[in-house]
Amino acid sequence: MSVDTATVRHIARLARIAVSDAEVEALAPELNNILGWVEQLQEVDVSGVEPMTAVIPNHLRLREDKVTDGGIREAVLANAPVAEHGFFAVPKVIE
Amino acid sequence: MSDLTQLGVAAIRDGVRDGAFSAREIAEAFIAQVEKGRALNAFVIETPEHALAAADAADAARAAGALKPLSGVPLGIKDLFATKGYQTTAGSHMLEGFKPVYESTVSGNLFAAGAGMLGKLNMDEFAMGSSNETSFFGNVLSPWRRNDGGNAALTPGGSSGGSASAVAARLAPGVTGTDTGGSIRQPAAFTGISGIKPTYGRCSRFGMVAFASSLDQAGPMAHDVRDCAIMLEAMAGFDPKDSTSLDLPVPNWEANLSSDIRGKRIGIPREYRIDGVPAEIDQVWEQGIAWMRDAGAEIVEVSLPHTRYALPTYYIIAPAEASSNLARYDGVRYGQRVAPENGNLTDMYEATRAAGFGAEVKRRIMIGTYVLSAGFYDAYFNQAQKVRALIARDFEQAFDKVDLLLTPTAPSAAFGLGEKTADPIAMYLNDVFAGPASLAGLPAMAVPAGLDSQGLPLGLQLIGRALDEQGVLNAALAFEERAGFTARPEAWW
Amino acid sequence: MSNYRIQGATGEWEVVIGLEVHAQVTSAAKLFSGASTEFGAEPNSQVSLVDAAMPGMLPVLNQECVRQAVRTGMALEAQINPWSRFDRKNYFYADLPQGYQISQLYHPIVGEGEIEILLDEKDESSAKKVGIERIHLEQDAGKLMHDQHPSFSYVDLNRSGVALMEIVSKPDMRSPEEAGAYIRKLRSILRYVGSCDGNMEQGSMRADVNVSVRKPGAPFGTRTETKNVNSVRFIMAAIEYEASRQVDVLESGGTVVQETRLFDPDKVETRSLRSKEEAHDYRYFPDPDLLPVELTDAFLEECRASLPELPDAKRRRYETVLGLPAYNASVLTAEVDTARWFEELLGHLGEAHAVRASNWVISDLFGALNRLGRSLADSPVTAKQAAELLALIADGTLSGTLAKQVFELMLETGQDPGVIVEERGLKQTSDTGAIEKVIADVLAANQDKVSEYRGGKDKLFGFFVGQTMKAMAGKGNPAVVNELLKKALG
């Protein structure tokens, strides 16, 4: 398959990255190139193979239901570009 | 002592213990060296106060008879590890100015073991790169130069480029690196130092800025095998804050170091002999095989049939995970924000991420987004996870027959800055030998083997069974003893 | 079975409904972090660095949330999947710090199950089974506030990362009433199990409502999804509106667009959210920060053993063992709090009195609470006091009339009925001597009526009873009064 500029724009939109027309033009062949290269995986016979779920055999541990965190609003907001009255602030969302 | 900065981790630790010098002397010597080495651009920030405080604490601990495993050892910390109160950028403009209120488990473990921090090491942005040319904070230079008399700037490799350069130039005796698809091993090979990526899950990923969660592993880079063993022992350990952390005790890797590998079976994967690799790589590999044989190991040819699919697999899985892991950089809670006037939330996201991420990161986010997008999941991501299972199975089957694998680390010596930036795939191929072990989560170590005809270091890689870091370290030690690699770059900086 | 039909210009239409209920899991801490889930805290005060998605933060799964989902699944007689997994659902929004929600798409923790609903509480034959498609665990998002600042929305992450169960029904419901009954029954079961408090006003239970219409017998039509409806009444109203809207669209030659809609409770209508975004593409994939969830037999056994008696079983037991009428059993078991109260009462009173007690609770107690605008939870009369009152009736200390008086006083004062009876002398008298004396006085004062009665005007008997009781301030034992009056009037 081939990635056209419309697809590049769509993907960039999904990824929330603004792209200029020039970037789109440049990205389309680049992505095509890379995707064309990874395409070779299609030739691998994977019948009966389960997708990998854990790199090294390991079991998920479950945490006890205890409140051990929170109450650190200052720390949570410390690096915020804009924070007011204990909230993070973002451009107004019209719902 | 004339030049304390020539000492490695073990020598510093032992010297501080024995009173040959104080930890403060050591710290001061390295701090001066870091300053002198600024032309290498290995550090994003320098943190002399941290190193000095740890040194003073080490000296006090010695007086009190309470030395810790790394007391008096100043280290460099890759800027992928969150360090409390110290800017942590992951090499990205996106996180410029970000000061975590928390400490990564790995850096915390090192500090708890008595180590100090000389500074945060430059790296490829979000660890995406093989030449340290994607860092927002500028290229890192390798201290090495070709012996052709030219002064061409060479890459230290990546993504742990600052780490590699700092150790090779003796700005730090040891450093942390991280390895997602070769980011410890390839730079170690390029700069003539040692570096080990342990088994996935040995080192906690808590507080380490995520690139590709199922692949990211921290590890040490240092002068030699012993130093790596010492550091890894301090870095590793079960962490309940990381669900993929292995709940196993940390072995005494240093105490159990032994270069006696007689009777070990070392596999040579035939698929690692690939076209287009310089003859010198093959030659150093043959040399390595001879050394292993000399050490009493049995050499066995093995097959890892899916090797050629490892990189394409990697370049689906890693970008896919990255596209999701990097979604949190949205300009809301930390890091850069670019909010166009009268723009809405989406405009802010798009502008912030366009300005905050560099070209390679964007490229990988785009690829990752694409391979996960509707209609492509099975063809790309799921297929890649299946091939990944096959790659892991290849290793398992090989390890039925052998104890270790010996392979080249990288397909070339260090290249010049700018030589491969135009062609992403050519750049990606740097990890052709390192990638498979990452996909299988296996411990793998790069050790310097010799110099090529241009006078640049070449390394070989030892890959072990899951959890067998000891086997890897021991074979690497046997290798190191025979290689007798002592070449050092001339200090031009 | 429902006969609900929408009468369109082209004939009758059937509505097909499926509900996706988001139920907040009852747990102290969040699904993947140690921050508290408490409702109503200061903004961003219950946020860990994990919830704020700081770089390098990692999720660690809360065992209790897994346990609650499994117990809920068991209560719905659903398939429990001993192997499940978390996936990332990727999208950008200001209330979603990670840029993805950790959820379960491919391998949910609970598979198919079912809920039995009763459309008529008095009629077992009105029972209908609604299929459960799956239950999965996922993270809640934070909250945005739009009215605090002219150009900013404010983000509060207190809810970010709180555990939700998404309980997905099959498209088995055919009327707003069935959907209402389903949601009430589901809420009842969740409360019995203790896995969700079911408080819809606080948002701890809300539903996405899938609605389509078709001509009876035709294949399913295109559905719309109305998001985040947060009361039973609104769910029913949304269905009603949406179904007739779709019929209108179809009958005027249009097609129903598969889309997300929003319910406006003020205007009682749904409207399209199409404006919001281009089509979503959530790019689900397994969360590489987590391993598969593997449930051991011991864990499953513990979950099963910890399940209480559930509403259906309890209702049947009330009917068959306690002998309650179907309606009483149904009313008393609908909510776990009611059943608990009733059973505490029976614990004091004895199960032999269950039928009388159930009648009293449903008519007297509920009537009074209703009048006072109170619920059982803040009833001025405790179950123990109620048992005492009913015991005083049973042993003849109180007549029905006296009992009503005493009950009123209990509601007013919160005092024990024994104390009220004692202090106010409201004990019923069965003392024949005393009653005979009063009767003699009443007859003497009403000679004319006595003659009329004896002349055949039987209806006057009630008059004499009334006069006697009045003279005794209501304390005469009615049976004794009746008997002695009959004798005196000969």
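Letters A, B, ... are given to chains in the order of the sequence lines, protein chains preceding strands, and every chain is numbered from 1.
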Checklist entry - Is there a donor-acceptor pair closer than 3.5 Å between any side-chain N or O of C:Ser153 and the backbone N or O of A:Val93? => result yes
Item to check | Atom CD of C:Gln148 with >12 non-hydrogen neighbours under 6.0 angstrom | outcome: yes
Checklist outcome for this item: Smallest heavy-atom separation, A:Ala54 atom then C:Leu291 atom, equals CB-CD2, 3.6 Å
Next on the checklist: Would you compute the distance between atom CD1 of A:Ile11 and atom CG of C:Asp281 and round it to the nearest 0.5 angstrom?
Outcome noted: 7.5 Å
Checklist entry - Of the backbone (N, CA, C, O) and the side chain (C-beta and beyond), which part of C:Arg67 lies under 4.5 Å from a heavy atom of chain A, both, or neither? => result neither
Item to check | Heavy-atom side-chain contact between A:Arg73 and C:Val47 under 4.5 Å | outcome: no
Checklist outcome for this item: The interface call for C:Ser27 against chain A, heavy-atom contacts under 4.5 Å, is both
Checklist entry - Which bit of C:Pro286 is near chain A, if near means a heavy-atom gap under 4.5 Å: side chain, backbone, both or neither? => result neither
Checklist entry - How close do C:Pro43 and A:His85 get, heavy atom to heavy atom, and via which atoms? => result CG-O, 4.4 Å
Item to check | Contact summary for C:His149 and A:Glu84, nearest pair of heavy atoms | outcome: CD2-OE1, 3.4 Å
Next on the checklist: Let me confirm one number: the NZ-OH distance from A:Lys92 to C:Tyr154, rounded to the nearest 0.5 Å.
Outcome noted: 9.0 Å
Checklist entry - Does any heavy atom of chain C fall under 4.5 Å from the side chain of A:Ala15, the backbone, both, or neither of them? => result backbone
Checklist entry - Does atom CD of A:Glu43 have more than 12 heavy-atom neighbours, drawn from other residues, nucleotides or ligands, at distances under 6.0 Å? => result yes
Checklist entry - Any side-chain heavy atom of C:Arg283 sitting closer than 4.5 Å to one from A:Leu14? => result yes
Next on the checklist: Within a 6.0 Å radius of atom CD on A:Glu74, are there more than 12 heavy atoms belonging to other residues, nucleotides or ligands?
Outcome noted: no
Next on the checklist: I need the minimum non-hydrogen distance between C:Asn44 and A:Gly86, along with the two atoms involved.
Outcome noted: ND2-O, 2.6 Å
Checklist outcome for this item: Heavy-atom closest pair (C:Phe152 atom, A:Ala89 atom, distance to 0.1 Å) is CG-CB, 3.8 Å
Checklist outcome for this item: Okay, C:Ala52 and chain A: the region with an atom under 4.5 Å from a heavy atom over there is side chain
Checklist entry - Roughly how far apart are C:Arg85 CZ and A:Leu60 CG, rounded to 0.5 Å? => result 12.5 Å
Item to check | Contacting region of C:Ser151 [heavy-atom separation from chain A under 4.5 Å] | outcome: backbone
Next on the checklist: Under a 4.5 Å cutoff for heavy-atom pairs, which residue among A:Val82, A:Asn58, A:Val55 has the most contacts with chain C?
Outcome noted: A:Asn58
Checklist outcome for this item: Under 4.5 Å to a heavy atom of chain A? For C:Leu295 that would be neither
Next on the checklist: Under 4.5 Å from any heavy atom of chain A, what part of C:Glu42 do you find: side chain, backbone, both or neither?
Outcome noted: both
Next on the checklist: For chain A, which candidate among C:Pro288, C:Ser45, C:Ala41, C:Ala94 shows the most heavy-atom pairs at distances under 4.5 Å?
Outcome noted: C:Ser45
Checklist entry - Is the shortest heavy-atom distance from the side chain of C:Asp156 to the side chain of A:Phe88 under 4.5 Å? => result no
Checklist entry - Side-chain contact, heavy-atom cut-off 4.5 Å: A:Phe87 with C:Val155? => result no
Checklist entry - Tell me, side chain or backbone of C:Pro150 under 4.5 Å from chain A's heavy atoms, or both, or neither? => result backbone
Checklist outcome for this item: Taking a cut-off of under 4.5 angstrom between non-hydrogen atoms, the residues of residues 61-69 of chain A near chain C are A:Arg61, A:Leu62, A:Arg63, A:Glu64, A:Asp65, A:Lys66, A:Val67, A:Thr68, A:Asp69
